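To start, the structure under review is shown below, and the notes come after it.
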There are 2 protein chains.
Amino acid sequence: MTDKKENILLSALQLFASDGFNATSTSKVAKQAGVSEGLIFRHFENKEGLLKAILAMGESKIKDLFAEIVLETEPKLVIRKTISLPFQVKEEDYDFWRLQFKLKWELKNYVSQKMDPLEMALSNAFKKLQKPKPELESKKLLLLVDGISSALLKGDLKNKEELHQFLLNKYEV
Amino acid sequence: MTDKKENILLSALQLFASDGFNATSTSKVAKQAGVSEGLIFRHFENKEGLLKAILAMGESKIKDLFAEIVLETEPKLVIRKTISLPFQVKEEDYDFWRLQFKLKWELKNYVSQKMDPLEMALSNAFKKLQKPKPELESKKLLLLVDGISSALLKGDLKNKEELHQFLLNKYEV
DNA sequence: AATACATAAGTGATTACTTACTCAACGGCA
DNA sequence: TGCCGTTGAGTAAGTAATCACTTATGTATT
């Protein structure tokens, strides 16, 4: 990985996350990266290839985060870690996550289904805690976490830590 | 309002909602509306004017929906109506709502804050019901409703009515 | 000499928008 | 009634700018 190649990746991530994939031209990426436009196509073949390279870079981030929850055996901890998911995202990773959420609205055939194993784990946790309708309870919490993440990444959420504690209390975890 | 002008509005709404504002060219809109491209600019001045006209068309939809909740005095009914919000959206209005949610991610300076009065009304409702931390309770419900709406409009929500009843039960409303 | 990195200057296609032009409908007036 | 002048709806054919992408070529390192 050369310096220039990395510059391209970082600039593209930042621009895609702030302006969107379609609204970001390859020439803008090249300019911000301090690189000729042709170099983008030498390294990534086309614009979509550049996007895929960016997503691949962050793939491990997603896997680690979810594995941490799915491999947890204590049900209360499964729920606690799910609730904490959006609140522990590091500032430096905001661009990557904002891009993920943006793409879900921008690209037509972008289905993630990375949440499926998480939904299973959560559902089991609620079942172990004798909660009625554990699948619905799980779905509900994941929809709430999605809403929180969206607000957070769009910068619409002020009393962040207050809400976090409130939720941990509510769920008694 | 001539037929052709209305055709432009309807075609643009459908295309913007499905492909996004940036990814939809004025020539595509004109073609789908069966109209010359220049007519778009005669009626709406520019592409952004076309978008604004579309949003203005649906403005009353939003106002009516929110007024129904904010003017409600019975606290339990305020909560019930808020929960039901995403579940009662008519199929024919999906394009309009999908566009609203899409724009929140696509346009940089798109702040709605149409939710503020709703958050106040909900907060008051929880207070009247003696709930501790009514503002956080209100925020939490609105974030959940946002998550549900997103999933619904993206077509990711299957057991819709089951979830609806589950939530009404949970909140005892 | 070979190879990978890098660029300048292109390509045709598409973008939002404009220009110059019809054509039908209308109201006032002799 | 008959004619004129204005106006708004509508279009075909442009415009310069930008799009994703290519080609030809140069340079540095091994």
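Side-chain atoms are counted along with the backbone in the values below, which use heavy atoms only and exclude waters and symmetry mates. Remember, it's a predicted structure, so these values are computed and weren't measured experimentally. Numbered from 1 within each chain, the chains take letters A, B, ... in sequence-line order.
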Which nucleotide sits closest to the side chain of [X]: [options]?
{"X": "B:Phe41", "options": "D:dT22, C:dT18, C:dA8", "answer": "C:dT18"}
{"X": "A:Glu37", "options": "C:dT15, C:dT7, D:dA20", "answer": "D:dA20"}
{"X": "B:Arg42", "options": "C:dA20, D:dC19, C:dC5", "answer": "C:dA20"}
{"X": "B:Ser27", "options": "C:dA6, C:dT15, C:dT7", "answer": "C:dT15"}

Inset, instruction - Show your reasoning for whether side-chain contact (heavy atoms from CB on, under 4.5 Å) applies to B:Asp146 and B:Phe101. - result: CA-CA 10 Å; B:Asp146 189 80; B:Phe101 275 74; 3.6 Å; yes
OP1, OP2 of [N] versus side-chain N and O of [X]: anything below 4.0 Å?
{"X": "A:Thr2", "N": "C:dC5", "value": "no"}
{"X": "A:Ser36", "N": "C:dA8", "value": "no"}
{"X": "B:His43", "N": "D:dG8", "value": "no"}

Inset, instruction - Indicate, with a heavy-atom threshold strictly under 4.0 Å, whether A:Lys4 touches base, sugar-phosphate, or nothing. - result: sugar-phosphate
Inset, instruction - Assess the side chains of A:Glu119 and A:Ser138: does a donor N or O sit below 3.5 Å from an acceptor N or O? - result: no
Inset, instruction - Could you check A:Gly38 against A:Lys28 and say which one's nearest nucleotide on DNA chain D is further toward the 5' end? - result: A:Lys28
Inset, instruction - Using a 4.5 Å cut-off on heavy atoms from C-beta on, say whether the side chain of A:Lys160 contacts that of A:Phe87. - result: yes
Inset, instruction - Taking only Lys NZ, Arg NE, NH1 and NH2, and the carboxylate oxygens of Asp or Glu, determine whether B:Glu48 and B:Lys52 approach each other closer than 4.0 Å. - result: yes
